[in-house]
Amino acid sequence: QAQLVESGGGLVQPGGSLRLSCVASGSISSAYAMAWYRQAPGKERELVAVITSGGSLNYVDSVKGRFTISRDNAKNTVYLQMNDLKPEDTAVYYCNAGQGAVQGGTYRQWGIQYWGKGTLVTVSS
């Protein structure tokens, strides 16, 4: 059974750092794109960062220069290194896997998508 399990969330002060991890198991292929989404209270879920199987990257403008997505296919794991965190980064962060590609600076998905249950990141002093 396909499963994505996130970890690494928590409470951090503004300017601090966290690294999120997402381990994939089951029928989730290493050929899939892996992405992080987030949903803040009262807001819609938004794409934060994506890395395709070919290594193409895409980030939402608000995290460029602060967040870095990477993947280790041998460990079936995708990471999100978050630096210089701001209160507006507070959200539940979700791991996503599925078919997708970065085209013209936009991430497009198709087919079955898999989701983790999320991990809460709170940035507050």
Side-chain angles (χ1 to χ4, degrees):
Q1 183 171 350
Q3 191 174 19
L4 296 170
V5 180
E6 304 100 333
S7 62
L11 173 64
V12 63
Q13 293 186 341
S17 297
L18 283 175
R19 188 176 81 154
L20 305 184
S21 299
C22 171
V23 180
S25 61
S27 59
I28 295 176
S29 170
S30 61
Y32 284 168
M34 302 289 293
W36 288 96
Y37 286 75
R38 67 185 178 187
Q39 187 165 19
K43 295 188 177 181
E44 293 186 355
R45 189 174 297 189
E46 68 169 349
L47 175 67
V48 176
V50 59
I51 181 167
T52 67
S53 60
S56 296
L57 305 175
N58 189 266
Y59 295 92
V60 67
D61 286 346
S62 60
V63 308
K64 287 179 180 177
R66 300 189 297 122
F67 291 12
T68 302
I69 189 170
S70 61
R71 65 191 293 169
D72 184 337
N73 288 336
K75 296 182 178 180
N76 295 323
T77 301
V78 62
Y79 304 98
L80 185 68
Q81 178 66 44
M82 305 186 294
N83 298 327
D84 190 23
L85 282 159
K86 305 175 185 295
E88 51 264 40
D89 295 318
T90 295
V92 177
Y93 284 71
Y94 297 91
C95 183
N96 165 270
Q99 291 181 296
V102 178
Q103 299 172 338
T106 300
Y107 178 54
R108 303 186 187 282
Q109 296 177 283
W110 62 90
I112 296 173
Q113 300 293 315
Y114 299 94
W115 293 92
K117 294 182 178 180
T119 184
L120 177 63
V121 172
T122 303
V123 184
S124 175
S125 55

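- Tyr59 and Thr68 make their closest contact through OH-CA, 3.4 Å (heavy atoms, listed as atom of the first residue, atom of the second, distance).
- More than 12 heavy atoms of other residues, nucleotides or ligands sit less than 6.0 Å from atom CG of Leu57.
- The environment of Gln103 atom CD is dense: over 12 non-hydrogen atoms of other residues, nucleotides or ligands sit within 6.0 angstrom.
- Rounding to the nearest 0.5 Å gives a distance of 9.5 Å between OG of Ser125 and CG of Leu11.
- In this structure, Gln99 and Gln113 approach most closely via the heavy-atom pair O-NE2, 3.3 Å.
- The shortest distance between side-chain heavy atoms of Leu20 and Met82 falls below 4.5 Å.
- Under a 4.0 Å N-O distance rule, the pair Arg38/Glu46 qualifies as a salt bridge.
- When the side chains of ILVMFWY residues are joined at heavy-atom separations under 4.5 Å, either directly or via intervening members, Tyr107 and Leu4 end up in two distinct hydrophobic clusters.
- When all heavy atoms of Ile51 and Ser70 are compared, the closest pair comes out as CD1-CA, 4.2 Å.
- Follow the hydrophobic side-chain contacts under 4.5 Å out from Tyr37 and you never reach Val78; the two are in separate clusters.
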- Just do the side chain to side chain contact (heavy atoms under 4.5 Å, CB included) check on Val102 and Val50 with the steps written out, would you? CA-CA 8 Å; Val102 178; Val50 59; 4.1 Å; yes
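- A distance of 8.5 Å separates CG in Leu85 from OG1 in Thr90, rounded to the nearest 0.5 Å.
- Distance CG/Asp72 to OG/Ser30: 11.0 Å, rounded to 0.5 Å.
- With values rounded to the nearest 0.5 angstrom, Ser62 atom OG is found 7.0 Å from Asp89 atom CG.
- To the nearest 0.5 Å, atom CE of residue Met34 and atom OG of residue Ser53 are 11.5 Å apart.
- When side chains are defined from C-beta on, Trp36 counts as touching Cys95, because their heavy atoms get closer than 4.5 Å.
- Grouping the Ile, Leu, Val, Met, Phe, Trp and Tyr side chains by contacts below 4.5 angstrom, directly or via other members, places Tyr79 apart from Ile28.
- One distance of note links NZ of Lys86 with OG of Ser124; it measures 15.0 Å at 0.5 Å rounding.
- For Asp61 and Lys64, the salt-bridge test passes: some basic side-chain N is under 4.0 Å from an acidic carboxylate O.
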- Message: Checking Ser7 against Thr119 for the side chain to side chain contact (heavy atoms under 4.5 Å, CB included) test, could you report, in this order, the C-alpha distance in whole Å, the side-chain angles of both residues, the deciding distance, and whether it holds?
- Response: CA-CA 6 Å; Ser7 62; Thr119 184; 5.9 Å; no
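- The shortest non-hydrogen separation linking Val92 to Gly118 is CG1-CA, 3.8 Å.
- Using the six-membered ring where Trp is involved, Phe67 and Tyr93 have ring planes that are tilted, between 30° and 60° apart.
- For the residue pair Gly105 and Asn58, the shortest heavy atom distance occurs at O-ND2, 2.8 Å.
- Linking Ile, Leu, Val, Met, Phe, Trp and Tyr whenever their side-chain heavy atoms come within less than 4.5 Å leaves Tyr94 and Val123 in two separate clusters.
- A heavy-atom distance below 4.5 Å is not found between the side chains of Ser17 and Val12.
- Heavy atoms only, all atoms of each residue included: Ala33 and Arg71 are closest at CA-NH1, 4.1 Å.
- Val48 is connected to Tyr114 through a chain of hydrophobic side-chain contacts under 4.5 Å among Ile, Leu, Val, Met, Phe, Trp and Tyr, so both are in one cluster.
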